[in-house]
Novice: 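Okay, here's the structure, questions in a sec.
Quick note: numbers below take in every heavy atom, side chains included, and nothing from hydrogens, waters or symmetry partners.
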Amino acid sequence: MLRGLFHPLSGTGLVLGTLFFAAALTPSLVPRTYLTQGALAGACLAVGYCLGVAARWLWTYLELPEPAERIRRLARLVAAVFCVGVALTFLWRVAGWQNSIRSLMGLEPVESGHPLKVCLIALLVFVVALILGRMFNGIMGWLARQAARVVPRRVANVLGASAAVFLFWALANDVLARTALRILDSSFKAYDALIEPERQRPEAASKTGSPASLVRWTELGRAGREFVASGPSAAHIGAVTGKPAEEPIRVYVGLRAADTPEARARLALEELKRVKAFDRPVLVVVTPTGTGWVDPSAIDSLEYLHHGATASVAIQYSYLNSPLSLLVQPEYGSEAAQALFAEIYDYWTALPKDRRPRLYLHGLSLGAFNSQKSADLFRMIGDPIQGALWSGPPFGSRLWRSFTDGRNPGSPAWLPEFRDGSFVRFMNQDGSRVPADTPWGAMRLVYLQYASDGVTFFDFNDFFRSPAWLKLPRGPDVSPDLRWYPIVTALQIALDMAVATAPPIGFGHSYAPKHYVEAWMAVTDVRDWSGDAVARLKHHLSEAAAREIETQGDEGAYDNRGG
């Protein structure tokens with residue numbers, strides 16, 4: 001079994017692996033560091049090598065004719081020259097490809113793609129994958145030989161392969177994965193409970209977590225305290241808008257406040273009543289990301305646009321980041337979102353129509369995913385809410401997918417037009433393709449999405465089919481050098497999802513205040529702002545966000561952008 005670890009490499013596998021390696025060096029949606037580039041290239045090299053080995057095994061298994069030894073030696077020499085030439089050519093172009101993305105995002109160009117570092121990291125990843133693969137083959141062969149003592153050879157091979165798969169899966173899932181999840185769970189739980197010294201408990205009775213609140217300050221969680229404490233005051237809003245402003249209402253109920261989503265939702269409703277949130281003209285039901293984070297870019301811009309006369313409410317369903325939350329507890333987010341919306345909607349519909357606020361939904365990323373599932377459109381036909389703003393909707397969002405797939409012919413997948421635009425519109429950095437004077441219906445749904453956001457545009461079909469968003473014309477933030485390659489492009493976009501918040505605000509999965517301003521104006525029908533005033537507000541919010549990120553870092557409201 002150990003001898004199999006040192007078996008010579010497959011020529012066919014190396015050729016196909018090199019092609020995968022080269023394709024992985026081409027640009028995708030977001031810029032890469034040499035570390036992520038090397039890891040991706042190494043993984044693609046391993047996948048290509050594995051497919052090449054499988055193809056060679058199939059050729060032998062089918063007993064197809066083998067070339068003469070002289071031809072095979074010549075083929076190996078040609079393959080070696082080909083592999084080296086392809087690898088060097090593509091490595092030489094890495095910096096230019098990365099700069100094709102960076103220039104679109106306003107980033108400084110890189111002078112080098114660090115080809116040596118990329119190669120070393122890729123080889124390390126490949127060697128680790130190769131060792132694991134050969135260990136699997138060795139164990140599978142040994143198990144098959146043991147089984148062959150009592151059953152026919154072909155049956156023994158099937159049993160050996162099945163047993164090896166089960167053994168490796170059990171090791172990866174029950175030992176490595178569970179151990180990692182326990183460590184991460186403990187870490188996120190401790191982080192969520194941390195009381196930051198700069199987040200002082202509010203004293204105003206209208207604030208959640210204050211002495212008068214139904215929710216204790218310590219029960220809000222880290223994200224909840226940031227949400228409540230970081231918003232603009234009436235004075236700040238008035239100073240920017242030049243008009244009288246009210247103190248915005250923000251209600252948040254953390255995981256520790258109640259044991260079930262239903263109990264937290266009821267507590268949130270009672271807190272909304274206590275602070276007289278239903279007297280405000282605008283009420284937004286927010287579904288946070290996995291960590292409980294609410295994007296300040298979204299809520300700050302809403303509060304400025306409406307001069308503070310708003311109320312927003314959210315309940316926490318997890319303290320894990322969005323990918324882990326979706327993996328470990330996928331149903332928790334939708335249950336919490338549905339419970340909160342049901343409580344508020346039932347109370348809202350019982351109020352006189354001329355004395356109740358306009359009701360909206362909002363969510364970013366996993367929050368958008370769960371928020372879309374919270375409201376049954378058929379239930380609301382008789383008494384609809386006024387609309388929703390969903391930003392960075394994950395690719396698995398069914399409602400988003402149905403609108404995108406049903407887009408009007410000729411409209412791009414990265415910014416669709418749906419029917420007459422009276423019900424749903426899509427917006428990006430440049431706004432919507434639907435003319436601004438197009439009439440809206442009773443309910444306004446807006447999706448804010450960037451073409452460079454892998455969280456939105458990943459698709460498992462990308463493994464074997466070119467995605468629709470790659471067709472011309474492309475999004476304004478997508479590299480013209482991006483090409484589709486089977487399997488590799490899907491792996492590239494999967495990595496883009498993992499680092500989607502690394503690009504500057506306004507690209508990838510980091511949504512900018514200025515784009516939220518345009519989106520909220522469309523959703524909530526803002527009409528009392530001049531063009532110059534809107535431009536000043538965008539500038540103020542952009543400067544404030546940049547300053548917060550630069551000065552506060554991991555302790556600021558923009559920490560964990562995207563959730």
Novice: What pair of heavy atoms forms the shortest contact from F418 to V424, and how long is it?
Specialist: CD2-CG1, 3.4 Å

Novice: Taking atom types as modelled, find out whether T33 and T36 have a side-chain donor-acceptor pair closer than 3.5 angstrom.
Specialist: yes

Novice: Go through H306 and W520 one step at a time and tell me if the ring-ring contact (aromatic ring centres under 6.0 Å, His included) criterion holds.
Specialist: CA-CA 10 Å; H306 290 275; W520 279 123; 8.0 Å; no

Novice: Say whether Q449 and W390, considering side chains only, have a donor N or O and an acceptor N or O under 3.5 Å apart.
Specialist: no

Novice: Within the distance-only criterion (no hydrogens, no angle test), does the side chain of R102 pair as donor or acceptor with the backbone N or O of E108 below 3.5 angstrom?
Specialist: yes

Novice: Examine the side chains of D420 and S422 and answer whether a donor and an acceptor come within less than 3.5 Å of each other.
Specialist: yes

Novice: If the threshold is 4.0 Å, N to carboxylate O, is there a salt bridge linking D525 and R444?
Specialist: yes

Novice: Look at the aromatic rings of F463 and F460 and report parallel, tilted or perpendicular, splitting at 30° and 60°.
Specialist: parallel

Novice: Checking side-chain polar atoms at under 3.5 Å, does S397 have a donor or acceptor matched by the opposite partner on Q372?
Specialist: yes

Novice: Indicate yes or no for a side-chain donor-acceptor contact from E246 to the backbone of G308 under 3.5 Å, with no hydrogens or angles considered.
Specialist: no

Novice: What's the spacing between S391 OG and L448 CG if we round to 0.5 Å?
Specialist: 5.5 Å

Novice: Using only atom types and a distance under 3.5 Å, with no angle test, would you say the side chain of R201 pairs donor to acceptor with the backbone of W217?
Specialist: no

Novice: Tell me, with the steps shown, if D496 and S28 meet side-chain hydrogen bond (donor to acceptor under 3.5 Å, both in side chains).
Specialist: CA-CA 8 Å; D496 290 341; S28 52; 3.0 Å; yes

Novice: Check this for me: R216, atom CZ, are more than 12 non-hydrogen atoms of other residues, nucleotides or ligands nearer than 6.0 Å?
Specialist: no

Novice: Assess whether atom CG of D259 is packed by more than 12 heavy atoms of other residues, nucleotides or ligands within 6.0 Å.
Specialist: no

Novice: Tell me whether S318 contacts the main-chain N or O of G290 through its side chain, where contact means a donor paired with an acceptor under 3.5 Å.
Specialist: yes

Novice: Applying ring pair (Phe, Tyr, Trp, His ring centres under 6.0 Å) as the test, list every pair that has at least one member in residues 243-289; sequence neighbours left out.
Specialist: F227-Y252, F278-Y347

Novice: For residues T287 and H362, is any side-chain donor paired with an opposing acceptor at under 3.5 Å?
Specialist: no

Novice: Whether the side chain of E247 engages the backbone of A234 through a donor-acceptor N/O pair (distance < 3.5 Å, no angle test) should be reported.
Specialist: yes

Novice: Can you tell me how far CG of L366 sits from CG of N370, rounded to the nearest 0.5 angstrom?
Specialist: 4.5 Å

Novice: Taking E271 for its side chain and L214 for its backbone only, find out whether a donor-acceptor pair lies under 3.5 Å.
Specialist: yes

Novice: Among E417, E518, R425, find the one that has a side-chain contact (heavy atoms from CB on, under 4.5 Å) with S432.
Specialist: R425

Novice: Rounded to the nearest 0.5 Å, how far does OH of Y511 lie from CG of L364?
Specialist: 7.5 Å

Novice: So which heavy atom on V294 is nearest to which on A314, and how close?
Specialist: CG2-CB, 4.3 Å

Novice: Are D383 and R356 close enough for a salt bridge, meaning some N to O gap below 4.0 Å?
Specialist: yes

Novice: Do side-chain atoms of R256 reach the backbone of E219 as a donor and acceptor pair under 3.5 angstrom?
Specialist: no

Novice: Salt-bridged, D300 to R250, with N to O below 4.0 Å?
Specialist: yes

Novice: More than 12 heavy atoms of other residues, nucleotides or ligands under 6.0 Å from NZ of K207: yes or no?
Specialist: yes

Novice: Atom CZ of F426 and atom CG of L415: how far apart are they, to the nearest 0.5 Å?
Specialist: 8.5 Å

Novice: Before accepting this row, confirm whether a basic side-chain N of the pair D459/R401 lies closer than 4.0 Å to the acidic partner's carboxylate O.
Specialist: yes

Novice: Around K276, counting heavy atoms of other residues, nucleotides and ligands shown, do more than 12 lie under 6.0 Å from its NZ?
Specialist: no

Novice: So if I apply the ring-ring contact (aromatic ring centres under 6.0 Å, His included) rule between Y304 and each of H539, H236, H540, which one comes out positive?
Specialist: H540

Novice: Judged by atom type as modelled, is there a donor-acceptor pair below 3.5 Å linking the side chain of S510 to the main-chain atoms of G506?
Specialist: no

Novice: Can you measure from CD1 (I344) to CD1 (I385) and round to the nearest 0.5 angstrom?
Specialist: 11.0 Å

Novice: Any donor and acceptor pair, going by atom type alone, linking the side chain of S210 with main-chain N or O of A204 inside 3.5 Å?
Specialist: yes

Novice: Just checking, is any N or O donor in the side chain of N428 or H515 under 3.5 Å from an acceptor N or O on the other one?
Specialist: no

Novice: Using a strict cut-off of less than 4.0 Å between a Lys/Arg side-chain nitrogen and an Asp/Glu carboxylate oxygen, indicate whether E270 and R266 qualify as a salt bridge.
Specialist: no

